[in-house]
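Numbered from 1 within each chain, the chains take letters A, B, ... in sequence-line order. Remember, predicted model here, so these are calculated numbers, not experimental data.
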Protein chains: 2
Amino acid sequence: MAVTLKDIAKKVGVHPSTVSRVLSGKYDNFNVSEETRKLIFETVKKFNYAPNEMARNLRLQKTQTIGLIIPDILNPFYAGMARSLGIECEKKDYSFIICNTDEIQEKEINFIQMLKRRRVEGLVITPVQESKDHFKELIEENFPFVLASRYFDDFETNAVVTDDYNDVFKAVEYLIKLGHNRIGLIRGRKASSAIQDREKGYKGALAKYNMQIDQDLIVGNGCTIEGGYKATKEILNLPERPTALLVSANVIVVGALEAIFEAGLSVPDDVSVVGFTNMKSTPYLSYPLTSISQPIGQLGKRAFDLLFQHIQSPDEQKYKKIILPSKFSVGKSTQKALGS
Amino acid sequence: MAVTLKDIAKKVGVHPSTVSRVLSGKYDNFNVSEETRKLIFETVKKFNYAPNEMARNLRLQKTQTIGLIIPDILNPFYAGMARSLGIECEKKDYSFIICNTDEIQEKEINFIQMLKRRRVEGLVITPVQESKDHFKELIEENFPFVLASRYFDDFETNAVVTDDYNDVFKAVEYLIKLGHNRIGLIRGRKASSAIQDREKGYKGALAKYNMQIDQDLIVGNGCTIEGGYKATKEILNLPERPTALLVSANVIVVGALEAIFEAGLSVPDDVSVVGFTNMKSTPYLSYPLTSISQPIGQLGKRAFDLLFQHIQSPDEQKYKKIILPSKFSVGKSTQKALGS
DNA sequence: ACCTTTTCCTAAATCGGTTTCTTGACAGCA
DNA sequence: TGCTGTCAAGAAACCGATTTAGGAAAAGGT
């Protein structure tokens, strides 16, 4: 099969350890004659030798690999995270293995097991958050991992999240100042801490302006187009329709808009809409959506940085939670409420 | 650190090989007493032992890992491929490592080297197609790989592609039958075989109806929103504007629509548009785009199947090129040409 | 001429498993 | 008693690298 270090040693007529020392470069100009070194390099090139990383890794007790566990790579949010994580990985000669949970808790647990067997050096995880004991185990073992975009509030971990509470608070405040007093919240997956924080931000903003919280205006659970469609349809059928909607997760805005247009309503004339997205354009709209733009690239980058730090110095580990602010960008999907 | 097989053996008081034999299950009810087996299983559970796959893989000469080299995971087309590849991998206990080339030839070559050092068992690649000698080398070595969505026409490889020529041929034919006689082609990356085939399909359809091929109507090179915008702007500024556009790659349709609306034109009244997409909705449009829907999931699945087959029986390898038809779905972005 | 120091390289252990070969104990049988 | 056969488990080689310790030969010093 593939050429091994032994093969090279035999060809050159030296001991494998000599070849290894020369190739590692650690003993450059030292302990090995110029002549031998040259011959080894030539032979390596000639036979196109490439070290077996499996063997190397076993010996060196490392894999240069991390695991990325996310709900779904088809969601541009996670694809973006994966992309920037990939860029950081490349810089440090790491590779990463992607696993999609589809928000199924069991899958997450199995993936973690699998990746540990493969001896990945760390994990970046957007947790399903239906159970959490397995993370406590990871902490006990001091296994490096970073939560991305979600976190647990009852124990410390490394985490990189967006400032969901304040991001939504500001967006809702903006809607209130436009005169909206019936603002609907189309929620994402309730189990997600991010979604919960967004709901809190929504309620916090209403509270600040002494507005009543109407549970009928808080609908939806799940992060699919279909889910967004149904939830929006529901909220639009209320006797007293909301005049503005905050759609608290990226892809569901598509379903929301679909429902709005199907109901014969127009944006922003009948309903103002604020979404979560980092795209310039949105389906159904020929103008920019007013939206909370999350720093997706930063999420991936910072998660890697944190993870790498833990991997490099496992002993002096102190858990950090990094909170990144989003950018609120006003588009044309929001306007003053009628009569204000 | 982690518990090893040796540790388990020591705890139980048997030789490591015994533990291995019990855990492998290959010698079930044979050669090992019920008592010992039970004790071993208990100890494994107690210490939460999980085999070191690095060591296993080294011994067994396999990694259960494949590499996926694509232009960009942010492009939903490749994300879709990655997703379905992931599903197939999971079924067979494989993992995969994603590498994004950004269509840079050098990166592709480096990634292949890196993945080979890591001893991945095979590769699924959407090649940059600016050079191809490295693929010939892979073939010489009988290294398992499958090209996805693009292929080389001057040598045989495993490949899974869409039926680009015919897909576009039919779409253009459809436009012709609607009475359009100035049909523009917004191209993707020219180096891509898929894009070339689409251009051929476009020309083939025009030829069939004895329509002249106007090079001014064939514009663009690259697969970015920005590129689509510029190319479309260019084509719309022609003295005699096209009445229909075929946008031959998925994401550039966004740039194309942007340019169209910026020019104050409307779809489909002023310009009919056919795109490549598998999404229900399209930015800028509140109605469905007429489009060529590629079987993205199938692409990933079939690529894995082909690759797996090669990995399983490397000797009886016969290269296969699988061509998958797309679905042409008529939306509301196309209509009869004026005056026809 | 003898001892020390360099120079250059080999030997062998190691990482953590798998697998083939071997062995020891005991039962069955003549 | 002695031979064969079976059952349970141990010993050791192996996968392909790295690394520590050691050792032979040449060079240098007095």
Side-chain angles (χ1 to χ4, degrees), chain A residues 1-41 43-44 47-65 93 114 116-121, chain B residues 1-41 43-44 47-65 93 114 116-121:
Chain A
M1 284 281 286
V3 186
T4 70
L5 181 136
K6 246 183 207 165
D7 298 332
I8 300 295
K10 205 176 284 174
K11 292 283 173 195
V12 177
V14 297
H15 196 269
S17 57
T18 306
V19 179
S20 174
R21 297 224 311 288
V22 169
L23 293 184
S24 78
K26 280 184 192 161
Y27 307 85
D28 240 30
N29 302 320
F30 195 69
N31 274 342
V32 180
S33 71
E34 191 56 37
E35 200 184 2
T36 308
R37 293 178 62 234
K38 225 173 126 182
L39 192 54
I40 287 175
F41 280 122
T43 313
V44 162
F47 289 91
N48 215 352
Y49 166 74
N52 183 327
E53 296 286 345
M54 257 196 292
R56 262 192 107 228
N57 291 343
L58 174 60
R59 176 62 228 249
L60 299 177
Q61 294 290 76
K62 61 187 188 64
T63 51
Q64 298 287 113
T65 306
D93 251 315
M114 184 270 283
K116 280 178 68 181
R117 279 199 303 275
R118 283 177 179 269
R119 296 299 190 269
V120 297
E121 295 178 27
Chain B
M1 285 279 288
V3 186
T4 70
L5 181 136
K6 249 183 205 165
D7 298 332
I8 299 295
K10 205 175 283 172
K11 291 284 173 195
V12 176
V14 296
H15 196 268
S17 58
T18 306
V19 178
S20 173
R21 296 219 313 281
V22 168
L23 294 183
S24 78
K26 282 184 189 162
Y27 306 85
D28 239 30
N29 301 320
F30 195 69
N31 274 341
V32 181
S33 71
E34 190 56 37
E35 202 184 0
T36 309
R37 292 179 62 234
K38 228 174 123 182
L39 192 55
I40 287 175
F41 279 123
T43 314
V44 162
F47 290 90
N48 215 351
Y49 166 75
N52 183 327
E53 295 285 346
M54 255 195 295
R56 263 193 106 230
N57 290 342
L58 174 60
R59 177 61 228 248
L60 298 177
Q61 295 290 79
K62 63 188 187 64
T63 51
Q64 297 288 113
T65 306
D93 253 313
M114 183 270 283
K116 280 177 69 179
R117 279 199 304 275
R118 282 176 179 270
R119 296 301 191 267
V120 297
E121 295 179 28

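A salt bridge does not link A/Arg118 with B/Glu53: none of the charged nitrogens is closer than 4.0 Å to a carboxylate oxygen. Remark: B/Glu34 engages B/Arg37 in a salt bridge, criterion side-chain N to carboxylate O under 4.0 Å.
Contacts of A/Ser20 classified as side chain to side chain contact (heavy atoms under 4.5 Å, CB included), with partners at least two apart in sequence or in another chain: A/Leu5. With sequence neighbours excluded, the residues forming a side chain to side chain contact (heavy atoms under 4.5 Å, CB included) with B/Lys116 are B/Ile112, B/Leu138, B/Glu141, B/Phe143, listed by chain and number. A/Lys6 is linked by a side chain to side chain contact (heavy atoms under 4.5 Å, CB included) to A/Thr4, A/Pro16, counting only residues two or more places apart in sequence or in another chain.
Contacts of residues 47-54 of chain B with DNA chain C (heavy atom under 4.0 Å): B/Tyr49, B/Pro51, B/Asn52. The stretch residues 8-19 of chain A comes close to DNA chain D through A/Ser17, each having a heavy atom under 4.0 Å from the strand.
Within the 4.5 Å cutoff, no side-chain heavy atoms of B/Met54 are placed close to those of A/Met54. By the 4.5 Å heavy-atom criterion applied to side chains, A/Val22 and A/Thr36 are not counted as neighbours.
A donor N or O paired with an acceptor N or O is found under 3.5 Å between the base of C/dT10 and the side-chain atoms of A/Arg21.
Following rounding to the nearest Å, A/Arg56 (CZ) and C/dT14 (P) show an atom-to-atom distance of 21 Å. Nucleotide C/dA11 holds its P atom 13 Å from the NZ atom of A/Lys6, rounded to whole Å. Going from atom CG of A/Asn57 over to atom P of C/dG17 covers 15 Å, rounded to whole Å. Rounded to whole angstrom, the span from the CZ atom of A/Arg117 across to the P atom of C/dG17 amounts to 12 Å. Regarding B/Leu23, its CG atom lies at a distance of 12 Å from the C1' atom of C/dT18, rounded to whole Å. Look at CD on B/Glu35: it is 17 Å from P on D/dC7, rounded to the nearest Å. The CZ-P distance, from B/Arg37 to D/dA9, rounds to 11 Å in whole Å. One atom, CD of B/Glu34, and another, C1' of D/dA9, lie 16 Å apart when rounded to the nearest Å.
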Under-3.5 Å N/O pairs linking protein and nucleotides 23-27 of chain D:
none

Discussion item. Determine whether B/Asn48 and B/Val3 satisfy the following criterion, side chain to side chain contact (heavy atoms under 4.5 Å, CB included), listing intermediate values before the conclusion.
Written reply: CA-CA 8 Å; B/Asn48 215 351; B/Val3 186; over 6 Å; no
Practice prompt. I would like to know whether A/Tyr49 and A/Val19 meet side chain to side chain contact (heavy atoms under 4.5 Å, CB included); could you show each step before the answer?
Written response: CA-CA 11 Å; A/Tyr49 166 74; A/Val19 179; 5.7 Å; no
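Contact between the side-chain N/O atoms of A/Ser33 and the OP1/OP2 oxygens of C/dT7 is not found at any separation under 4.0 Å. OP1 or OP2 of D/dC14 has not a single side-chain nitrogen or oxygen of B/Gln61 nearer than 4.0 Å.
Panel note: side chain A/Thr63, backbone A/Arg119; a donor-acceptor pair is recorded below 3.5 Å.
Looking at heavy-atom distances under 4.0 Å, A/Ser20 makes contact with a base. Residue-level contact check: B/Leu58 touches the bases, meaning some heavy atom is under 4.0 Å from a base atom. Within 4.0 Å of A/Thr4, counting heavy atoms only, lie sugar-phosphate atoms of the nucleic acid but no base atom. Residue B/Ser24 is out of contact with every strand shown, counting any heavy-atom pair closer than 4.0 Å. Using a 4.0 Å heavy-atom distance criterion, B/Arg59 is classed as a base contact.
Taking CZ of B/Arg117 as the reference point, atom CG of A/Asn52 lies at 11.5 Å (rounded to 0.5 Å). Of the inter-residue distances, the one linking A/Asn57 atom CG with B/Leu58 atom CG reads 10.0 Å to the nearest 0.5 angstrom.
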